[in-house]
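Some notes on the structure that comes next.
For this chain, numbers begin at 1 and follow the sequence in order. What you see is a predicted model; the values in this text were computed from it and never measured.
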Amino acid sequence: MTFLLQHALRRKRSFVTALAVAALAAMQTPAALAQKVQAVQVAPQTWMVQGESALGSSANRNFISNAAFVVTDDGVVVVDALGSPALALELMAEIRRITPKPIKHLIITHYHADHIYGLQEFKAAGVQLIGQKDGQLYLHSETAELRLKASREEMLPWIDEKTHLVPADRWVSGITTLRLGGLDFVLQAAGPAHTPEDLVVYVPQLKLLVAGDLVFRGRVPFVGQADSGSWIAALDRLLAFDTAVVVPGHGPVSMTARDDLQLTRDYLAYLRQTMGDAARDLEPFEEAYAKTDWSRFAKLPLFGVANRINAYNTYLLMEQSAK
């Protein structure tokens with residue numbers, strides 16, 4: 001065998017080996033690489049799972065939000081269903097790992113995609129779904145339809161044509177108390193704030209507050225088109241609760257309830273102050289944004305992704321209020 005032929009064969013073997021390595025890498029699905037749904041106990045009878053501090057994607061399976069569940073003597077109450085059907089199945093498996101008691105109710109804090117695309121699996125399991133009545137407005141909106149369509153394209157295979165929007169079985173308003181297994185679950189409408197249909201869950205016996213996306217811990221909130229003034233007012237009401245543990249919609253559990261509620265409140269208030277002043281003075285947004293001191297919040301996760309759009313939407317909101 002000539003040197004040139006041997007060299008060619010060696011190059012071919014190296015190429016085949018490289019292809020094999022690439023194929024194995026390709027076989028590593030996002031599910032194998034993404035963060036696991038793992039329940040951690042955060043209070044007596046209470047567990048939570050924590051999503052990544054990131055934007056939703058096929059790589060993380062849209063696992064970017066939190067969910068919580070409380071085990072009572074008569075069954076389990078879950079709050080939020082996570083961002084894809086597969087995640088919901090993993091959440092139910094975690095609940096079964098911890099208790100054989102049946103899941104009786106699932107409470108929906110709001111109808112944003114990362115909290116609700118798992119609802120269909122709980123519905124199929126016979127769990128009663130409870131939401132705030134204004135969630136019906138979102139379900140029948142073009143926004144919901146377009147968001148689902150985009151998710152089916154951006155988050156395959158976790159969100160696909162089989163993924164669908166699911167209404168609550170029971171719509172509530174105001175303050176509603178659900179009693180199960182010796183515990184009171186106080187469902188309090190808190191919107192319009194982060195969304196029109198915000199619903200928080202307070203369990204007085206455990207001094208537990210599951211706050212949904214009214215509270216973002218350890219990261220910049222996503223404000224979007226929210227009514228930030230009403231959001232601040234809602235946080236002021238939550239600060240009145242006798243709370244020891246807060247499960248936020250995003251970020252780790254809080255054992256310093258007042259401080260973490262206050263951080264979200266302070267961020268929203270700062271947006272309104274700085275962008276409100278600019279809007280009233282007819283100062284262009286770009287100039288106002290550039291001169292604003294963001295140092296208190298700049299080191300928080302997702303600041304670079306969320307802060308500019310939060311500021312711009314707040315500027316537009318305050319501009320409308322000034323007219």
Side-chain angles (χ1 to χ4, degrees), residues 40-51 53 64-70 77 79-80 107 109-110 112 115 132 174-178 183-195 197-224 226-274 276 293-303 306-307 310 314:
V40 176
Q41 188 165 10
V42 295
Q45 302 173 245
T46 307
W47 285 258
M48 71 169 280
V49 300
Q50 181 181 333
S53 184
I64 60 170
S65 65
N66 299 341
F69 60 93
V70 178
V77 176
V79 184
D80 283 342
I107 301 163
T109 62
H110 63 296
H112 276 179
H115 296 260
Q132 204 275 339
I175 299 176
T176 302
T177 299
L178 174 71
L183 295 179
D184 295 314
F185 295 82
V186 181
L187 283 53
Q188 179 164 320
H194 180 68
T195 67
E197 71 274 9
D198 287 313
L199 191 64
V200 300
V201 183
Y202 178 62
V203 186
Q205 294 91 340
L206 305 177
K207 295 187 176 182
L208 168 71
L209 175 66
V210 186
D213 280 7
L214 288 183
V215 178
F216 287 65
R217 184 164 189 247
R219 57 159 282 192
V220 168
F222 173 69
V223 178
D227 182 341
S228 53
S230 295
W231 190 341
I232 289 171
L235 288 169
D236 286 339
R237 292 192 294 272
L238 297 187
L239 283 164
F241 282 120
D242 182 13
T243 303
V245 177
V246 176
V247 176
H250 298 265
V253 66
S254 171
M255 304 298 180
T256 54
R258 179 164 293 275
D259 290 345
D260 289 307
L261 289 168
Q262 193 69 46
L263 178 62
T264 300
R265 187 195 185 287
D266 288 353
Y267 175 74
L268 296 172
Y270 190 66
L271 284 177
R272 290 178 64 84
Q273 174 201 325
T274 55
D293 179 7
W294 300 109
S295 57
R296 180 181 176 189
F297 310 104
K299 293 182 180 179
L300 293 174
L302 295 186
F303 176 87
N307 189 65
N310 287 346
T314 304

Looking only at heavy atoms, which two atoms of [X] and [Y] are closest? And how far apart?
{"X": "Arg272", "Y": "Ile232", "result": "CD-CD1, 3.7 Å"}
{"X": "Leu261", "Y": "Leu235", "result": "CD2-CD2, 3.9 Å"}
{"X": "Pro221", "Y": "Thr264", "result": "CG-CG2, 4.2 Å"}
{"X": "Pro204", "Y": "Val186", "result": "CD-CG2, 4.2 Å"}
{"X": "Ala211", "Y": "Val200", "result": "O-CG1, 3.8 Å"}
{"X": "Ala193", "Y": "Leu214", "result": "CB-CD2, 3.6 Å"}

After noting the C-alpha distance and the side-chain angles of Thr243 and Leu208, does the key distance pass the side-chain contact (heavy atoms from CB on, under 4.5 Å) rule?
-> CA-CA 6 Å; Thr243 303; Leu208 168 71; over 6 Å; no

Just by distance, do the side chain of [X] and the backbone of [Y] share a donor-acceptor pair under 3.5 Å?
{"X": "Asn310", "Y": "Val223", "value": "yes"}
{"X": "Asn66", "Y": "Gly51", "value": "yes"}
{"X": "Arg258", "Y": "Leu239", "value": "yes"}

Report the relative orientation of the aromatic rings in Trp231 and Phe216; use parallel for angles under 30°, tilted for 30 to 60°, perpendicular for over 60°.
-> tilted

Mutual orientation of the aromatic rings belonging to Trp294 and Tyr270 [parallel < 30°, tilted 30-60°, perpendicular > 60°] = perpendicular

Can you sort out the partners of Asp213 under side-chain hydrogen bond (donor to acceptor under 3.5 Å, both in side chains), two or more places apart, ordered by chain and number?
-> His110, His115, His194, His250

Across all chains, not counting sequence neighbours, the side-chain hydrogen bond (donor to acceptor under 3.5 Å, both in side chains) partners of Gln41 are none

Euclidean distance, [Y] [atom2] relative to [X] [atom1], rounded to 0.5 Å:
{"X": "Tyr267", "Y": "Leu300", "atom1": "OH", "atom2": "CG", "result": "9.0 Å"}
{"X": "Phe185", "Y": "Thr176", "atom1": "CZ", "atom2": "OG1", "result": "14.0 Å"}
{"X": "Ser53", "Y": "Leu302", "atom1": "OG", "atom2": "CG", "result": "4.0 Å"}
{"X": "Leu187", "Y": "Ile175", "atom1": "CG", "atom2": "CD1", "result": "10.0 Å"}
{"X": "His112", "Y": "Asp80", "atom1": "NE2", "atom2": "CG", "result": "11.5 Å"}
{"X": "Thr46", "Y": "Met48", "atom1": "OG1", "atom2": "CE", "result": "11.5 Å"}

Are a donor atom and an acceptor atom from the side chains of [X] and [Y] found within less than 3.5 Å of each other?
{"X": "Asp184", "Y": "Thr177", "answer": "no"}
{"X": "Asp259", "Y": "Thr256", "answer": "no"}
{"X": "Gln132", "Y": "Asp198", "answer": "no"}
{"X": "Tyr202", "Y": "Asp242", "answer": "no"}

Determine, stepwise, if the pair Leu199 / Gln188 fulfils side-chain contact (heavy atoms from CB on, under 4.5 Å).
-> CA-CA 6 Å; Leu199 191 64; Gln188 179 164 320; 5.7 Å; no

For atom CZ of Arg237, is the number of surrounding heavy atoms from other residues, nucleotides or ligands below 6.0 Å larger than 12?
-> yes

Heavy atoms, side chains only, cut-off 4.5 Å: are Val40 and Gln50 in contact?
-> no

State, with a plain yes or no, whether a side-chain heavy atom of Val245 is found less than 4.5 Å away from one of Lys207.
-> no

Give the C-alpha distance, both sets of side-chain angles, the deciding distance and a yes or no for side-chain contact (heavy atoms from CB on, under 4.5 Å) between Asp266 and Arg296.
-> CA-CA 10 Å; Asp266 288 353; Arg296 180 181 176 189; 3.0 Å; yes

Do you know which of Val77, Leu209, Val70, Ile107 makes side chain to side chain contact (heavy atoms under 4.5 Å, CB included) with Val201?
-> Ile107

